[in-house]
Chemist: 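I have a structure here, written as structure tokens, and I will follow up with some questions on it.
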Amino acid sequence: MDIFYIFTFDSTQQAMRCEKELKEEGFTVRIIPTPREITASCGLSLRFEKKDQGIIQDKVREQGLEIMGIYRVEKEGLKKQVFPVSEE
Amino acid sequence: MKVNAIGLPCPQPVIETKKALESIEAGVVEVIVDNVVARENVKKMATKLGFPYEVKEEGDHIVVMITKGEGMVKKEVVESKLAPRTIAIAAETMGRGDEELGRILMKGFIYTLTEVHPYPQTILFYNGGVKLACEGAESIEDLEKLEAAGVEILVCGTCLNYFSLGDKMAVGSVSNMYSIVEALQETENTLILS
């Protein structure tokens, strides 16, 4: 099973800016289309590693960006389950 | 039957080999090439046609011996879960309007391909699209996943060369206009992203 974590954003620009800045700082993040299971208007999410959640959250806040939601995605083949996660 | 493909530019060795194979009912075609890319392309074509081959080195040259047997027919698509579809990716960006957004969309497109079944039979990369299959591209892991599932990933050699990315390709196999034209014509439908 593939497990990963994502932040969702309410604007495409914010998601893109967030990815760019975090990458420049050396974090392993990537933008992916928001899974259908999550209702989000922007459609882009930032995929990150669980161990980085706390520090990334702080960075994102420093950047003045707003995280709409945090989720854990569990993927088994093409089946996907999404669980909301609380902020650290 | 012998095909002397020494000094012939890509994709000529493959074209000449194919002609030779088509001209005989059954038998062995010996193809003499002088570089590794030509060898790989000839081997790949033999595999695609379902003909066994042997490779031997003779001095500076490489000989690929392909055996065409009677009644051997082109292998059908083995992976039945693949759709008879080719997706051609002609640019690093998806659509026009904004470069950066286009890049994000293209990466998202390739990522989402891994999540939607059936997978396409072939994905072609040409022009700026080849950058997505080269070292450092974020789409590599997605493309590797697709390739592992049987999707054929073809990357335009002319384009890699043009962008000086000849040794940077990280997934798929180098292809030429010959295989690009074939892939575009052989599948029932083609989707071109640019």
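This is a predicted model, so every value here is computed, not measured. Numbers restart at 1 for each chain; the letters A, B, ... are given by sequence-line order, proteins then strands.
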Chemist: If you count the non-hydrogen atoms of other residues, nucleotides and ligands that lie under 6.0 Å from CD in Glu54(B), is the total more than 12?
Modeler: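 No, the 6.0 Å shell around CD holds no more than 12 heavy atoms from other groups.
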Chemist: Is atom NZ of Lys2(B) surrounded by more than 12 heavy atoms (other residues, nucleotides or ligands) closer than 6.0 Å?
Modeler: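 Check fails, neighbour count at 12 or below.
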Chemist: For residues 136-143 of chain B, give me every residue with a non-hydrogen atom less than 4.5 Å from any non-hydrogen atom of chain A.
Modeler: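 So the qualifying residues are Glu138(B), Glu141(B), Asp142(B).
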Chemist: Using modelled atom types and a 3.5 Å cut-off, is there a donor and acceptor pairing between side-chain atoms of Tyr71(A) and backbone atoms of Val85(A)?
Modeler: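 No; zero donor-acceptor contacts below 3.5 Å.
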Chemist: Please look at Leu101(B) and chain A and tell me whether the side chain, the backbone, both or neither of the residue comes under 4.5 angstrom of a heavy atom of that chain.
Modeler: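 Contact with chain A is through both the backbone and side chain of Leu101(B).
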Chemist: Answer yes or no: are there more than 12 heavy-atom neighbours, outside Asn189(B) itself, under 6.0 Å from its atom CG?
Modeler: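 Result for CG/Asn189(B): enclosed.
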Chemist: If you count the non-hydrogen atoms of other residues, nucleotides and ligands that lie under 6.0 Å from NZ in Lys20(A), is the total more than 12?
Modeler: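 No, NZ of Lys20(A) has 12 or fewer neighbouring heavy atoms, counting only those of other groups under 6.0 Å.
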Chemist: Answer yes or no: is there a donor N or O on one side and an acceptor on the other, between the side chain of Asn127(B) and the main chain of Gly129(B), under 3.5 Å?
Modeler: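 No.
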Chemist: Side chain from CB out, backbone as N, CA, C, O: work out which of these in Lys79(A) comes under 4.5 Å of a heavy atom of chain B, or both, or neither.
Modeler: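 No part of Lys79(A) comes within 4.5 Å of chain B.
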Chemist: Given 3.5 Å as the limit, does a donor-acceptor pair link the side chain of Asp34(B) with the main chain of Gly7(B), or not?
Modeler: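 Yes: the side chain of Asp34(B) pairs with the backbone of Gly7(B).
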